[in-house]
Amino acid sequence: VGLVPFVLLAAERARVPARRAVGRSGAWYAGWAAAGGLVIAWLQPWQAVALMATVGVVELLQWRRAEGRLRESLRAVGPLLVAAAAPLVYYGVLEQVDPAWEIAGSANREFALGWPLSVWVLGLLPLALPAALAYRRRPAGWQDAAVRVLPLVMVGEYFLIDVSGLGTFPFHSLQGMSLPLAVLAVAGASELRPGGWWRERARWVAVSLVLLLGIGVADRLDQVRREVHLGGQPYFLHQGEKDALAYLERLPRPGGVLAPNYAGLVVPYQTGRETWVGQISWTPDFHRRVARANALFAGRLRRAAAVRLVRRSAARFLFSDCLERADLSALLRPYLTSVRRFDCATVYQVDREAL
């Protein structure tokens with residue numbers, strides 16, 4: 001996400017000779033832009049799509065204004081477009097031929113239901129309103145055009161994914177949009193008042209910036225605090241949990257693991273075993289599975305429902321973590337071959353034949 005503005009600046013310098021440093025050629029900037037585009041597409045394909053679309057739209061605007069030729073354009077930004085497209089093609093092929101990627105695509109589409117109008121209003125309007133004023137002025141060059149096109153492309157990509165289902169998790173499309181909107185907001189504010197007016201009030205501007213940034217940072221830190229203490233993610237493992245996971249890894253008997261979603265997140269990488277509930281991107285019917293698994297380990301299921309869940313999960317082991325889980329020994333006694341306790345964690349071995 002952070003590379004996007006740097007790649008756009010490199011693409012501008014590859015395209016506009018007057019913007020280059022002394023002794024640097026267009027090919028030098030084109031190469032760096034292509035390298036950055038490759039990294040972005042490999043790690044964050046949503047931003048790669050927005051980047052490619054922005055470059056393409058800006059180039060079309062340049063041709064329309066008779067400020068460029070096709071050969072020059074291809075030489076300057078062609079390597080970037082090719083490098084950024086390569087991982088996207090690879091990901092597209094993976095989703096068609098690899099079952100795990102197909103599951104990930106399906107799970108992400110199921111989870112991403114889109115934002116209500118209130119989120120758009122509260123999240124975008126504070127920056128979008130002053131930024132809109134900047135669009136009244138015609139772009140002065142390549143960079144001016146790019147900073148105006150980028151947020152529009154990001155919003156368009158969001159709705160393309162959300163409406164058509166082409167791609168997954170549309171929310172990632174908007175990551176990083178605050179930067180171009182902030183630049184445009186400053187430009188828009190200068191449309192309302194000249195630069196001297198703002199400089200005379202620099203102290204109040206600085207106080208406002210510190211206040212707004214402080215609110216945002218405080219909110220993110222509070223979110224981290226809540227995440228750590230709510231037990232939604234396994235940031236810390238008790239020694240008993242570590243010992244139980246090591247036991248599951250050492251066992252020669254194959255089989256998957258049924259665990260609550262907190263513990264299910266660590267099972268695959270700690271034990272090498274499959275998990276019935278894991279990362280949201282890789283778990284079909286995620287919310288229903290989480291609810292059922294958590295109900296089992298909280299002791300809220302009757303025996304018949306608990307047995308049905310264990311049978312349908314096809315799990316060979318049940319893993320109970322240290323978050324005050326119920327003891328399942330009595331509930332599932334006829335269907336367990338062993339119960340191993342590791343301080344606050346427990347591993348139940350399931351008798352699949354008895355089920």
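Quick note: numbers below take in every heavy atom, side chains included, and nothing from hydrogens, waters or symmetry partners.
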### Task
Decide side-chain contact (heavy atoms from CB on, under 4.5 Å) for M52 and L80; before the verdict, give the C-alpha distance in whole Å, the side-chain angles of both, and the deciding distance to 0.1 Å.
CA-CA 8 Å; M52 296 169 65; L80 163 61; over 6 Å; no

### Task
Determine, step by step, whether S329 and R341 satisfy the side chain to side chain donor-acceptor pair (under 3.5 Å) criterion, reporting the C-alpha distance in whole Å, the side-chain angles of both residues, the deciding distance to 0.1 Å, and the verdict.
CA-CA 11 Å; S329 302; R341 304 192 186 279; 3.0 Å; yes

### Query
Are F317 and Y348 close enough, and set up right, to give a ring pair (Phe, Tyr, Trp, His ring centres under 6.0 Å), and what steps lead you there?
CA-CA 6 Å; F317 304 96; Y348 306 89; over 10 Å; no

### Check against side-chain contact (heavy atoms from CB on, under 4.5 Å), D144 and R138
CA-CA 9 Å; D144 275 1; R138 186 173 181 177; over 6 Å; no

### Message
Evaluate L152 against R148 for side-chain contact (heavy atoms from CB on, under 4.5 Å), listing each step before the verdict.
### Response
CA-CA 7 Å; L152 301 178; R148 285 162 172 76; 6.0 Å; no

### Task
For the pair T337 and V350, evaluate side-chain contact (heavy atoms from CB on, under 4.5 Å) and give the outcome as yes or no after the intermediate values.
CA-CA 6 Å; T337 59; V350 179; over 6 Å; no

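Under the 30°/60° scheme for interplanar angles, the aromatic rings of W120 and W115 are found to stand perpendicular. Ring geometry, F169 versus F171: the interplanar angle exceeds 60°, so the pair is classed perpendicular (tilted spans 30 to 60°).
No side-chain heavy atom of L318 sits less than 4.5 Å from a side-chain heavy atom of V347. Looking only at side-chain heavy atoms (C-beta outward), V4 and L8 come within less than 4.5 Å of each other. Side-chain contact between Q349 and L336 is absent, with no heavy atoms from C-beta onward closer than 4.5 Å. Between Q44 and H172 the shortest side-chain heavy-atom distance falls below 4.5 Å. Residues L245 and V266 form a side-chain contact, since some pair of their non-hydrogen atoms from C-beta on lies under 4.5 Å apart. Side chains of E72 and R15 form a contact here, defined as non-hydrogen atoms less than 4.5 Å apart. No side-chain heavy atom of R24 sits under 4.5 Å from any side-chain heavy atom of R13. Put simply, the side chain of F319 does not reach to within 4.5 Å of the side chain of T346, judged on heavy atoms.
The environment of CZ in R352 is crowded: more than 12 heavy-atom neighbours from other residues, nucleotides or ligands sit within 6.0 Å. Atom OH of Y135 is surrounded by more than 12 heavy atoms from other residues, nucleotides or ligands within 6.0 Å. By the neighbour-count criterion of 12 heavy atoms within 6.0 Å, atom OH of Y90 is sparsely surrounded, having that number or fewer from other residues, nucleotides or ligands. Residue-environment remark: CD (Q239) exceeds the threshold of 12 foreign heavy atoms within 6.0 Å. Within 6.0 Å of atom CZ in F236, 12 or fewer heavy atoms from other residues, nucleotides or ligands are found, so the atom counts as exposed in its surroundings.
For Q223 and R220, the side-chain atoms include at least one donor-acceptor pair closer than 3.5 Å. Side-chain contact check for Q96 and W101: no donor-acceptor pair (N or O, by modelled atom type) lies under 3.5 Å. Side-chain contact, R203 with S208: no donor N or O sits under 3.5 Å from an acceptor N or O.
Linking ILVMFWY side-chain heavy atoms closer than 4.5 Å, directly or via other members, places Y29 and L38 in two distinct hydrophobic clusters. Linking ILVMFWY residues whenever their side-chain heavy atoms come closer than 4.5 Å, directly or via other members, places L237 and Y247 in the same cluster. Residues L3 and V55 share a single hydrophobic cluster, defined by chaining ILVMFWY side chains whose heavy atoms lie under 4.5 Å apart. Put simply, L174 and F159 are part of the same group of oily side chains (I, L, V, M, F, W, Y) that touch within less than 4.5 Å, one to the next. Under the 4.5 Å side-chain heavy-atom criterion for Ile, Leu, Val, Met, Phe, Trp and Tyr, L61 and V77 are members of the same hydrophobic cluster.
Between the R273 side chain and the G255 main chain, a donor and an acceptor come within less than 3.5 Å of each other. Proximity of a side-chain donor or acceptor of Y91 to a complementary backbone N or O of W42 within less than 3.5 Å is detected. A donor-acceptor pair under 3.5 Å is formed between the side chain of R289 and the backbone N or O of W276. Between the R316 side chain and the R253 main chain, no donor and acceptor come within less than 3.5 Å of each other. Checked by atom type and distance alone, the side chain of E241 pairs as donor or acceptor with a backbone atom of H238 at under 3.5 Å. In this structure, the side chain of T283 does not engage the main chain of I280 through any donor-acceptor pair within 3.5 Å. For Q47 (side chain) and Q175 (main-chain N/O), a donor-acceptor pair under 3.5 Å exists by modelled atom type. Of the possible polar contacts, none joining the W46 side chain to the G167 backbone as a donor-acceptor pair under 3.5 Å is found. Using a distance-only test at 3.5 Å, with no hydrogens or angles considered, no donor-acceptor pair links the side chain of R225 to the main chain of L221.
A distance of 13.5 Å separates CZ in R308 from CZ in R303, rounded to the nearest 0.5 Å. Separation of atoms CD (E274) and OG (S313) is listed at 11.5 Å; rounding is to 0.5 Å. Note that CZ of R292 is 11.0 Å distant from CG of L258, once rounded to the nearest 0.5 Å. Atom CG of L150 and atom CG of L51 lie 8.0 Å apart (nearest 0.5 Å). Here the CD atom belonging to E191 is positioned 4.0 Å from the CZ atom belonging to R137, to the nearest 0.5 angstrom. The distance from the CZ atom of R325 to the OG atom of S320 is 6.5 Å, given to the nearest 0.5 Å.
In terms of heavy-atom proximity, L184 sits nearest to V147 at CD1-O, 3.4 Å. Between A76 and A30, the shortest heavy-atom distance links the atoms O-CB, 3.5 Å. Counting all heavy atoms, side chain and backbone alike, G37 lies closest to V7 at N-CG2, 4.0 Å. When all heavy atoms of L332 and A306 are compared, the closest pair comes out as CD2-CB, 4.1 Å. Looking at every heavy atom in both residues, L88 comes nearest to P45 through CD2-CB, 3.4 Å. Smallest separation of non-hydrogen atoms from V121 and P126: O-CD, 4.0 Å.
Applying the ring-ring contact (aromatic ring centres under 6.0 Å, His included) test to residues at least two apart or on different chains, none of the pairs has a partner in residues 191-225. Each disulfide bond (SG atoms under 2.5 Å apart) pair with one or both residues in residues 311-355, not counting sequence neighbours, appears once here: C322-C344.
Qualifying ring-ring contact (aromatic ring centres under 6.0 Å, His included) partners for Y335, counting only residues two or more places apart in sequence or in other chains: none.
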